[in-house]
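Read the structure below first, then the notes.
Quick caveat, the model's predicted, so the values are computed rather than measured.
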Amino acid sequence: MTRGRPRYSDQKFPPYSYVPGHFPHPVSDPKGHMHREAHDEVAPLSPEDWRRSEPYLYGIDLFNHGYYWEAHESWESLWHAAGRRGEMADYLKGLIKLAAAAVKAREGNPSGVERHAARATQLLTPKPRPLFCGLDIDSLLAIAQEFSLQAPEYDHAQPEMLLDAELLLDLT
């Protein structure tokens, strides 16, 4: 699934990318790739120290390589650590909504794609700086807009599809 995309973490990818209705639920199904896996508490993501956040970097890797549901889960742990409110929480929720839109695309749910992409846009738009935690906000907004524009094309399930959306970290 990778198409030569960069990696930002060393964690291994799961054996499959979960799409509801097509694969075992990773947590609740005994055949799931995260079944009975302990969920460690994570440190909150910091705009100054994001390069050291393994869940954040792994979430970007997961998203870029087509593990959209799993990316959502990785970022959700950080969203909880951020207290689910405030600038950082909104940023993470925006990433979560981008991943949710990608899951809906794979499910063949155009209205779900549009709904999640629109929410991602709302959450990411008020960012005061163009670069936040290594990601270009305008690029994130462009991905959300592209998902919305392409939503009608996602009218049938494509559980293995890798979307043409890549999160590129500015490591400078």
Side-chain angles (χ1 to χ4, degrees), residues 1-46 49-82 88-89 91-109 112-113 116-117 120 123-124 132-136 139-140 142-144 146-147 150 153-154 156-172:
M1 272 197 213
T2 62
R3 294 187 190 170
R5 294 180 176 188
R7 290 289 312 265
Y8 301 110
S9 77
D10 295 326
Q11 291 191 46
K12 293 181 181 180
F13 288 133
Y16 62 88
S17 174
Y18 177 61
V19 178
H22 297 276
F23 301 102
H25 189 278
V27 177
S28 63
D29 190 312
K31 296 177 191 164
H33 63 71
M34 296 168 63
H35 187 67
R36 295 189 185 196
E37 193 174 284
H39 295 286
D40 298 329
E41 283 197 33
V42 299
L45 182 62
S46 160
D49 204 22
W50 58 266
R51 289 172 183 84
R52 292 181 174 208
S53 176
E54 191 64 26
Y56 178 65
L57 299 175
Y58 187 48
I60 292 171
D61 281 346
L62 289 164
F63 183 92
N64 285 344
H65 295 271
Y67 297 88
Y68 305 115
W69 186 89
E70 293 79 5
H72 171 290
E73 287 292 299
S74 189
W75 292 326
E76 190 170 49
S77 67
L78 292 166
W79 178 70
H80 284 285
M88 181 58 73
Y91 169 74
L92 291 163
K93 191 69 165 183
L95 293 178
I96 289 165
K97 291 298 182 178
L98 282 179
V103 171
K104 294 300 179 187
R106 283 184 163 176
E107 285 180 314
N109 181 342
V113 173
H116 288 298
L123 289 161
L124 295 168
F132 192 78
C133 293
L135 291 175
D136 179 76
S139 294
L140 295 175
I143 290 170
E146 192 63 26
F147 282 177
Q150 292 180 352
E153 298 173 22
Y154 305 128
H156 60 283
Q158 300 176 59
E160 301 288 340
M161 173 178 54
L162 178 63
L163 297 169
D164 188 25
E166 186 175 1
L167 308 179
L168 293 172
L169 282 172
D170 181 341
L171 300 171
T172 60

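Between the side chain of S53 and the main chain of W50, no donor-acceptor pair closer than 3.5 Å is present. A donor-acceptor contact shorter than 3.5 Å links the side chain of Y8 to the backbone of L169. With hydrogens and angles ignored, the 3.5 Å screen pairs a side-chain donor or acceptor of R106 with a backbone N or O of M161. Not a single donor-acceptor pair under 3.5 Å links the side chain of Y68 to the backbone N or O of L162. Side-chain atoms of S17 come within 3.5 Å of backbone atoms of G66 as a donor-acceptor pair (strictly under, hydrogens ignored).
Between atom CE of residue M88 and atom CH2 of residue W79 there is a gap of 14.5 Å, rounded to the nearest 0.5 Å. One finds the NZ atom of K93 at 12.5 Å from the CG atom of L98 (value rounded to the nearest 0.5 Å). Between the CD1 atom of I96 and the NE2 atom of H116 there is a distance of 11.5 Å, given to the nearest 0.5 Å. One finds the CZ atom of F147 at 9.0 Å from the CG atom of D164 (value rounded to the nearest 0.5 Å). A distance of 13.5 Å separates CZ in F23 from NZ in K31, rounded to the nearest 0.5 Å. With rounding to the nearest 0.5 angstrom, the CG atom of N64 is 6.5 Å from the CG atom of L168.
When side chains are defined from C-beta on, I143 counts as touching L167, because their heavy atoms get closer than 4.5 Å. Using a 4.5 Å cut-off on side-chain heavy atoms (C-beta onward), P14 and L62 make contact. Between L124 and Y91, the closest side-chain pair of non-hydrogen atoms falls below 4.5 Å. Side chains of R52 and S46 form no contact here, defined as non-hydrogen atoms less than 4.5 Å apart.
For Q150, the side-chain hydrogen bond (donor to acceptor under 3.5 Å, both in side chains) partners are E146, Y154, not counting sequence neighbours. D170 pairs by the side-chain hydrogen bond (donor to acceptor under 3.5 Å, both in side chains) definition with T172, not counting sequence neighbours. Every residue two or more places apart in sequence or in another chain that forms a side-chain hydrogen bond (donor to acceptor under 3.5 Å, both in side chains) with D136 is listed here: S139. Every residue meeting the salt bridge (charged side-chain N to carboxylate O under 4.0 Å, His left out) condition with E107, not counting sequence neighbours, appears here in chain and number order: K104. Q158 pairs by the side-chain hydrogen bond (donor to acceptor under 3.5 Å, both in side chains) definition with nothing, not counting sequence neighbours. The salt bridge (charged side-chain N to carboxylate O under 4.0 Å, His left out) check on R51 picks up nothing, with sequence neighbours excluded.
Counting heavy-atom neighbours within 6.0 Å of R7 CZ, excluding the residue itself, gives a total above 12.
Smallest separation of non-hydrogen atoms from A101 and A117: CB-N, 4.0 Å. Scanning all heavy atoms of the two residues, the minimum distance from A120 to G94 falls at CB-O, 3.6 Å. Between V42 and P55, the shortest heavy-atom contact is CG1-CG, 3.6 Å. In terms of heavy atoms, L92 sits closest to A82 at CD1-CB, 4.4 Å. Shortest non-hydrogen contact noted between Y16 and P24 is OH-O, 2.8 Å. Closest approach of E54 and S9 over heavy atoms only: OE2-CB, 2.9 Å.
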**Request:** Assess whether side-chain contact (heavy atoms from CB on, under 4.5 Å) is satisfied between D61 and Q11, documenting all intermediate values.
**Result:** CA-CA 9 Å; D61 281 346; Q11 291 191 46; over 6 Å; no
**Message:** Before you tell me yes or no, could you show the steps for H22 and E160 under side-chain contact (heavy atoms from CB on, under 4.5 Å), namely the whole-Å CA-CA distance, both residues' side-chain angles and the distance that decides it to 0.1 Å?
**Reply:** CA-CA 10 Å; H22 297 276; E160 301 288 340; over 6 Å; no
**Prompt:** Passes side-chain contact (heavy atoms from CB on, under 4.5 Å), V103 versus N109? Steps please.
**Reply:** CA-CA 9 Å; V103 171; N109 181 342; over 6 Å; no
**Request:** Check step by step if side-chain contact (heavy atoms from CB on, under 4.5 Å) holds for L135 and L95.
**Result:** CA-CA 11 Å; L135 291 175; L95 293 178; 4.2 Å; yes
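Relative ring orientation between W69 and H25 is described as perpendicular, the plane-to-plane angle rising above 60° on a 0-90° scale split at 30° and 60°. Taking the six-membered ring where the residue is Trp, Y67 and F13 present parallel rings, their angle staying beneath 30° rather than reaching 60°.
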